[in-house]
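Basis for what follows: all heavy atoms, side chains included, without hydrogens, waters or symmetry-related copies. In what follows, chains carry the letters A, B, and so on, assigned in the order in which the sequence lines appear, proteins first and then strands, with residues in each chain numbered from 1.
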2 protein chains.
Amino acid sequence: MADVPEEAVPAAGPSVKLRDVALAAGVDPSVVSRVLSGDRRLSVRPETRARVLEAAARLNYRPNRAARTLKTARTMVIGMVVPDLANTAYSLIAQGAERRAAAAGYILMVMRGSVPDGLEELRGRVDGLLVAAATSDGSYFRSLLGDIPTVLVNRKEPGDIPAVLVDDEAGAAVAVRHLLALGHSRVAHVAGPQNADTARRRLRGYVSALAAAGAEARPEWVVEAPVYDEAAGHLAATTLLGLEPRPTAIFAANIRLAIGALAATRRLGLSVPEDVSIVGFDDTPLAAFLEPPLTTVRMPLAELGELAVESLLGEIEGRRATDVLVSLPPELVVRASAAPPPAA
Amino acid sequence: MADVPEEAVPAAGPSVKLRDVALAAGVDPSVVSRVLSGDRRLSVRPETRARVLEAAARLNYRPNRAARTLKTARTMVIGMVVPDLANTAYSLIAQGAERRAAAAGYILMVMRGSVPDGLEELRGRVDGLLVAAATSDGSYFRSLLGDIPTVLVNRKEPGDIPAVLVDDEAGAAVAVRHLLALGHSRVAHVAGPQNADTARRRLRGYVSALAAAGAEARPEWVVEAPVYDEAAGHLAATTLLGLEPRPTAIFAANIRLAIGALAATRRLGLSVPEDVSIVGFDDTPLAAFLEPPLTTVRMPLAELGELAVESLLGEIEGRRATDVLVSLPPELVVRASAAPPPAA
DNA sequence: CTGTTAGCGCTTTCAA
DNA sequence: TTGAAAGCGCTAACAG
């Protein structure tokens, strides 16, 4: 006689249902349902509960999610839409979101893409949506959404969709003040695409920090990168460094932009930070290994993710969410790309 | 009398069901179902079909997914598990996967995490799984999976889970041959974590390319990075460059490792590529903006994603999948980090 | 060409 | 403390 492992996983046969467990435990399916969902306010004789639990375990029962969803009108999944996966910022946000979602019994699933595409496909598969993808038209957007509870993650759009934000304006100001404190008087800005709310807020922070310090600000010291990537940063910085007199410092609105700016500076035969200082926005492990290591400002992105889910859970429960600003302060990560300006 | 916009989106009231559409169109729900799911082999009088379509549109009907899933036992979602979102390689794979999935009417949702965590939560929410997360124990893994159709993406584990792979071994060989052709005779390797299948295959490619060329290979020229990140690459390269005689070229098993190696080299006061040449594995836009721009090998990752879905769809349909190797060749992206060795 | 019928597997009153 | 019954919204035979 061959040994049959006791815990053998049953082959892909017909799956075991609530009814099978009920049969095996000698009770009604409804009892099994109540026991297994841990219905607190239900009195079940301990021995009955034990029998049910034992049967469920023995039969390796897995509730059918579609049936449960059909009945309860809840999927217990939260969707997150991001414009592109390969961005460490989104990954940090997702981590926070995931943690908070898990604590509430939800799972987080992420979809790449713009909202208009993915939306129809998501309806009915998620209980709520975190939208981190860029959008320019909030109301168009709302109508697409229909009644899916949604919160915008670090972007505020016209319209009534609640947003959770980090203080990008303050973060930008931290960067600029650092440069000013180092003694720079010609601080330029590689701005992000101005159709993105994040980029606008960072630009505002740059402008207001300069103003608050009474420092000089010239319109030509701001150049907008049409997208958040290295090539765009390279191009913008090249323009900036061609100015006369040349800016001695550049604050880039994003890490990829900063990397492009760094490359541009060196390709112009200038050195960082001796000739020009550079500060980037959003931190990543990579920053420490650039040449020179890049000074950046780190935003509380994991907390952003957590709070966004927090807010979304409220919406799912029918509470009307309001905008929230993550209260943790931005943090300057000082490395080597910013130093005092050359003694002109 | 107030104007009521005709296309007003109904408030979050009770949603419209198949029955409502049927009522409005004056037909039976089953007819609506058939018309809307585009059942080809069904004859419906054109005018009936038109009435149904019109009613559905007017009422803004959205099928209830849970009900459909309960009935059909299909979710039409493919899950993808990745170890971390912030890796451009996964993002490329996901793009390919998404495209192929969409063509078959599926959507792709990605989950971060290791398989053991996420799995129980995924069962019943996806029809199949693409696993790109590292695993060391394939059989343990299979038992967790139960009967969820799965394909491993660019990792082969012992056990019977089908895998779709790119030819990492050939890719590594391309890199090494490039270095050899440049005239290097002391080519070292920063290997990835050897519990990862990708890392093992790349190491194999390094070894066999050296052997095929009759070039010298020394055990101390290979150092393993315990993880695929910049810090580990930095450390490994530092060790390598302390060797006597010093290797004149380094092939790094991954882009992040290569970036760390680049930084290490410079921090040792050596220059790239004058003193030492570096070639990385997997390409990213960033590579062109490093100092110097990094020569890399680009693998057909989008195709990997497509083929993985292809294979998974087969499994979902009950066909037993076999391992497949993406046939597109690796491509060397020549930039500036590799050059002939210094005239010793 | 269209309607009838019978569930899919679960949860949740309500009744015993 | 447990069981009975109804139904979530859809699809897919089968019948007409």
Side-chain angles (χ1 to χ4, degrees), chain A residues 13-53 55-56 59-77 105 123-125 127 146-147, chain B residues 10 12-56 59-77 105 123-125 127 147:
Chain A
S15 63
V16 9
K17 314 167 189 170
L18 202 49
R19 258 199 20 214
D20 303 323
V21 178
L23 244 39
V27 295
D28 186 88
S30 66
V31 174
V32 178
S33 171
R34 284 168 290 189
V35 167
L36 293 183
S37 26
D39 192 334
R40 265 2 247 94
R41 64 209 181 93
L42 174 80
S43 40
V44 186
R45 204 179 313 162
E47 86 186 53
T48 308
R49 139 172 283 122
R51 242 180 325 141
V52 167
L53 260 18
L59 297 182
N60 192 25
Y61 170 69
R62 306 270 171 246
N64 176 312
R65 269 188 177 105
R68 183 175 280 178
T69 295
L70 179 56
K71 187 66 186 175
T72 62
R74 277 272 189 284
T75 63
M76 301 310 281
V77 0
R123 143 174 288 126
R125 298 204 234 245
D127 290 338
D147 49 9
Chain B
S15 63
V16 8
K17 314 167 188 170
L18 202 50
R19 261 199 18 213
D20 303 322
V21 178
L23 243 40
V27 296
D28 185 87
S30 67
V31 174
V32 178
S33 171
R34 284 169 289 189
V35 167
L36 293 185
S37 24
D39 192 335
R40 264 3 247 95
R41 66 214 179 86
L42 175 79
S43 40
V44 186
R45 203 181 315 163
E47 86 186 52
T48 308
R49 137 172 284 121
R51 243 180 323 141
V52 167
L53 259 18
E54 180 277 330
L59 298 182
N60 193 25
Y61 169 69
R62 308 270 172 246
N64 175 313
R65 273 195 172 99
R68 184 177 279 178
T69 294
L70 180 57
K71 185 67 186 172
T72 62
R74 278 271 188 287
T75 62
M76 301 310 282
V77 0
R123 141 172 290 128
R125 299 204 233 244
D127 291 339
D147 49 8

From [atom1] of [X] over to [atom2] of [N], roughly how many Å is that when rounded to an integer?
X        : N       : atom1 : atom2 : result
Glu47(B) : dC1(C)  : CD    : P     : 11 Å
Arg65(A) : dT11(C) : CZ    : C1'   : 16 Å
Leu36(B) : dG9(D)  : CG    : P     : 16 Å
Asn64(A) : dC8(C)  : CG    : C1'   : 8 Å
Leu23(B) : dG3(C)  : CG    : C1'   : 14 Å
Asp20(A) : dG9(C)  : CG    : P     : 9 Å
Tyr61(B) : dG9(D)  : OH    : C1'   : 7 Å

* Please list all pairs passing the salt bridge (charged side-chain N to carboxylate O under 4.0 Å, His left out) test where one or both residues lie in residues 59-75 of chain B, with sequence neighbours left out. => Glu120(A)-Arg62(B), Glu121(A)-Arg65(B)
Please tell me if the side chains of [X] and [Y] come closer than 4.5 Å, counting only heavy atoms from C-beta onward.
X        : Y        : answer
Arg34(B) : Val44(B) : no
Lys17(A) : Asp20(A) : yes
Val32(A) : Tyr61(A) : no

* Kindly write out the residues that satisfy side-chain contact (heavy atoms from CB on, under 4.5 Å) with Leu23(B), not counting sequence neighbours, or none if the list is empty. => none
* **Inter-residue atom distance Ser15(B).OG - Leu59(B).CG, 0.5 Å rounding** =>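 Answer rounded to 0.5 Å: 11.5 Å.
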* **side-chain contact (heavy atoms from CB on, under 4.5 Å) partner of Val35(A), the single match among Val27(A), Thr48(A), Val21(A), Leu53(A)** => Leu53(A)
* Using the closest heavy atom to pick a nucleotide of DNA chain C for each, name whichever of Gly26(B) or Arg19(A) lands nearer the 5' end. => Gly26(B)
* To do: Name the residue closer to the 5' end of DNA chain C, choosing between Arg51(B) and Leu70(B) according to the nucleotide with the nearest heavy atom.
  => Arg51(B)
* **Side chain of Val31(A) (C-beta onward), nearest among dC8(C), dC10(C), dG3(D)** => dG3(D)
* Which nucleotide in the set dC10(D), dG9(C), dT11(C) lies at the smallest distance from any side-chain heavy atom of Thr72(A)? -> dT11(C)
N/O-N/O pairs, protein side and nucleotides 4-7 of chain D side, under 3.5 Å:
residue, atom, partner, partner atom, Å
dA4(D), OP2, Asp28(A), OD1, 3.4
dA4(D), N6, Ser30(A), OG, 3.3
dG7(D), N2, Lys71(A), NZ, 2.9
dG7(D), N3, Lys71(A), NZ, 3.4

OP1 or OP2 of [N] sitting under 4.0 Å from any side-chain N/O of [X]?
X        : N       : result
Arg68(B) : dT11(D) : yes
Arg45(B) : dT2(C)  : yes
Thr48(A) : dT2(D)  : yes

